[in-house]
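Structure first, then comments.
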Amino acid sequence: MSKIATLEIDGKKYEFPIIEGTENELGIDIKTLRGATGGITTLDPGYKNTGSCESAITFLDGEKGILRYRGYSIEELAEKGDFLEVAYLLIFGELPTAAQLEKFDKDIKEESHVEEDMKKILDGFPKSAHPMGVLSSLTSALIAFNPDSVDVESEEEMYDAIVKIMAKFPVLAAWAMRKRKSLPLDYGDSSLGYVENLHKMMFAKPNKAYEANKIVNDALDKLLILHADHEQNCSTSTVRIVGSSHAGLFASLSAGISALWGPLHGGANQAVIEMLEAIKEDGGDTARYIDKAKDKNDPFRLMGFGHRVYKNFDPRAKIIKKSADEVLGDLGIEDPVLDIAKGLSEVALQDEYFVKRKLYPNVDFYSGIIYRALGIPTEMFTVMFALGRLPGWIAQWREMRLRKEPIGRPRQIYTGETHREFKPVSER
Ligand code: CMC
């Protein structure tokens with residue numbers, strides 16, 4: 001029997017259906033609330049208690065530390081899958097057959113050129129520009145060169161827009177980095193796999209043959225899979241809400257990149273390394289920084305700790321920590337900043353403040369460490385996150401369009417002035 005929630009306001013009762021997800025999650029369906037109550041709304045800043053959509057893409061249970069894409073556990077996908085097949089799974093709902101994967105790969109490769117005039121736009125940015133800003137702008141600029149990817153309605157048109165952005169996004173990300181390093185722009189090599197090609201586009205030198213490193217490419221592949229989707233987080237919700245106005249995939253993604261940039265979201269991986277470097281410069285006294293993080297009068301937070309949803313452990317952090325240990329060992333890397341990271345997490349994991357608030361190292365605590373070991377510049381860390389999250393954003397945008405979701409438009413509780421008369425400037 002279906003469950004009902006009853007709400008009583010001023011002695012009057014209203015009933016709302018309780019909907020149940022496939023993992024037995026319950027949600028009160030308040031679609032009729034305002035109509036039934038004559039305009040009463042809900043208030044939930046930060047949406048901690050608000051479900052914005054029904055979705056069949058990613059399931060996560062923050063208490064149990066479970067994360068699954070389309071029903072497959074993140075542990076299994078990270079161990080056995082590769083990024084392109086996981087991208088296909090997220091976007092289209094099933095793991096691809098060999099033929100489907102081959103076609104997806106081929107269609108992406110067909111689109112992996114970027115219009116030469118885009119280089120003029122890149123030229124206009126100062127060399128010091130943050131690559132996330134550059135990536136967001138270039139993704140938006142792609143719209144001008146691909147107008148047919150905007151007004152997409154059919155599944156076929158959506159597919160074309162999807163393979164275009166899957167193809168061009170790594171080129172733009174690599175260009176954003178090469179510009180900062182004064183390296184000539186590169187188009188990669190379509191005989192390589194998706195991740196290897198990305199690495200080559202980022203690091204190939206004009207005067208040296210590119211040498212692939214399996215340890216590096218495997219680690220990158222895993223990192224991209226771990227970041228590929230995370231249900232209705234800040235950037236994904238942004239992509240869905242922008243897309244709900246039918247603005248088009250590339251415009252929605254450009255907004256999502258901006259949302260991801262912030263240090264409380266994807267920007268945390270860069271902030272972690274910057275924090276560790278600052279602690280090192282300051283003498284390496286981790287205990288003092290733990291005290292600062294606990295002090296309510298000090299704005300300092302331990303970056304890479306805590307999560308809105310995971311309150312026991314972040315399953316991605318577990319996988320990535322193991323991978324970080326392996327990669328650092330295999331590459332023979334010794335780095336004092338990594339020792340500080342170790343010391344900091346050991347102390348915080350025992351400290352009552354962190355234990356009581358269930359603050360554990362999140363995925364960004366370790367991803368920054370691996371990116372650093374792989375030779376990726378700090379300011380590119382959040383771009384790496386965006387490269388991983390791309391298929392998740394696409395999948396969520398596609399789902400929203402196929403379900404014909406209405407335009408996203410939250411309500412508010414107005415707390416400003418009530419009506420007042422305008423006074424001419426001479427009377428103010
Ligand atoms: N250092 C010190 N105290 C913290 C931290 C931290 N990193 N995170 C949370 N707290 C405290 C916070 O002060 C509050 O204490 P009290 O209850 O005494 O007021 C309590 O823990 C709950 O914090 P909250 O801000 O209400 O929790 P939230 O769910 O709104 O925020 C968060 C989650 C991730 C924004 C936050 O933990 C944070 O700012 N962490 C550091 C930034 C970071 O690593 N972000 C990456 C998130 S994972 C990648 C992603 O998905 O983008």
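In listed order, ligands and their atoms are each counted from 1.
Asp44 places a side-chain N or O within donor-acceptor distance of the main-chain N or O of Thr50, the cut-off being under 3.5 Å. Side-chain atoms of Glu157 come within 3.5 Å of backbone N or O of Glu153 as a donor-acceptor pair. In terms of modelled atom types and a separation under 3.5 Å, the side chain of Gln100 and the main chain of Thr97 share a donor-acceptor contact.
Ligand 1 places these atoms under 4.0 Å from at least one heavy atom of Ala293: 2 (C). Heavy-atom proximity to Gly266, at under 4.0 Å, picks out these atoms of ligand 1: 52 (O). Near Ala268, meaning under 4.0 Å from any of its heavy atoms, are these atoms of ligand 1: 43 (C), 44 (O), 45 (N), 46 (C). Below 4.0 Å from some heavy atom of Asp364 lie the following atoms of ligand 1, by number and element: 46 (C), 48 (S), 49 (C). Ligand 1 places these atoms under 4.0 Å from at least one heavy atom of Asn362: 43 (C), 44 (O), 46 (C), 47 (C), 48 (S).
Checked against a 3.5 angstrom limit, the closest N/O atoms of Gly304 and ligand 1 fall inside it. Ligand 1 has no N or O atom lying under 3.5 Å from any N or O atom of Phe385, backbone or side chain. At under 3.5 Å, not a single nitrogen or oxygen of His230, backbone or side chain, sits near a nitrogen or oxygen of ligand 1. Checked by distance only, ligand 1 and Leu302 come closer than 3.5 Å through their nitrogen or oxygen atoms.
Proximity of Lys294 to ligand 1 is not established, as no heavy-atom distance is less than 4.0 Å. Heavy-atom separations between Lys311 and ligand 1 include at least one value shorter than 4.0 Å. Within the structure, the closest approach of Asn233 to ligand 1 does not fall below 4.0 Å when heavy atoms are considered.
Looking only at heavy atoms of the protein, atom 30 (O) of ligand 1 is closest to Arg308 NH2, 3.1 Å. Looking from atom 34 (C) of ligand 1 to the surrounding protein, the closest heavy atom is Gly306 O, 3.8 Å. The nearest protein atom to atom 41 (C) of ligand 1, hydrogens excluded, is given as Phe305 O, 3.4 Å; this is a heavy-atom distance. Distance from atom 52 (O) of ligand 1 to its nearest protein heavy atom, with residue and atom name: His265 ND1, 2.6 Å. Of all protein heavy atoms, the one closest to atom 42 (C) of ligand 1 is Met303 CE, 3.4 Å. Counting only heavy atoms of the protein, atom 51 (O) of ligand 1 lies nearest to His307 NE2, 3.6 Å. Atom 13 (O) of ligand 1 has its closest protein heavy atom at Lys296 NZ, 3.0 Å.
The option from Tyr353, Phe300, Tyr310 that lies nearest to atom 3 (N) of ligand 1, judged by heavy atoms, is Tyr353. For atom 21 (O) of ligand 1, the nearest non-hydrogen atom from the set Arg301, Lys48, Arg357 comes from Arg357.
For the residue pair Ser55 and Glu399, a side-chain donor N or O sits within less than 3.5 Å of a side-chain acceptor on the partner. Asp282 and Tyr289 form a side-chain donor-acceptor contact under 3.5 Å, judged by distance and modelled atom types alone.
The pair Asp160-Lys164 fails the salt-bridge criterion, with no side-chain N (NZ, NE, NH1 or NH2) lying under 4.0 Å from an Asp/Glu carboxylate O.
Between Leu7 and Leu33 the shortest side-chain heavy-atom distance falls below 4.5 Å. Looking only at side-chain heavy atoms (C-beta outward), Asn362 and Tyr310 stay at 4.5 Å or farther from each other. Residues Asp186 and Arg178 form a side-chain contact, since some pair of their non-hydrogen atoms from C-beta on lies under 4.5 Å apart. Counting heavy atoms from C-beta on, the side chains of Trp175 and Val114 come closer than 4.5 Å.
Checking atom 9 (C) of ligand 1 against the protein gives a heavy-atom contact under 4.0 Å.
In Leu359, the part holding a heavy atom less than 4.0 Å from any atom of ligand 1 is the side chain. Both the backbone and the side chain of Leu264 come within contact range of ligand 1, each with a heavy atom under 4.0 Å.
Taking Lys64 as the reference, Asp61 meet the salt bridge (Lys or Arg N to Asp or Glu O under 4.0 Å) condition, with sequence neighbours excluded. Residues that satisfy the salt bridge (Lys or Arg N to Asp or Glu O under 4.0 Å) test with Lys318, not counting sequence neighbours, are absent from this structure.
Note: Phe92 and Tyr159 have tilted aromatic rings, judged against thresholds of 30 and 60 degrees for the angle between ring planes. Taking the six-membered ring where tryptophan is involved, the planes of Tyr194 and Phe83 are tilted, since the angle between them lies from 30° to 60°.
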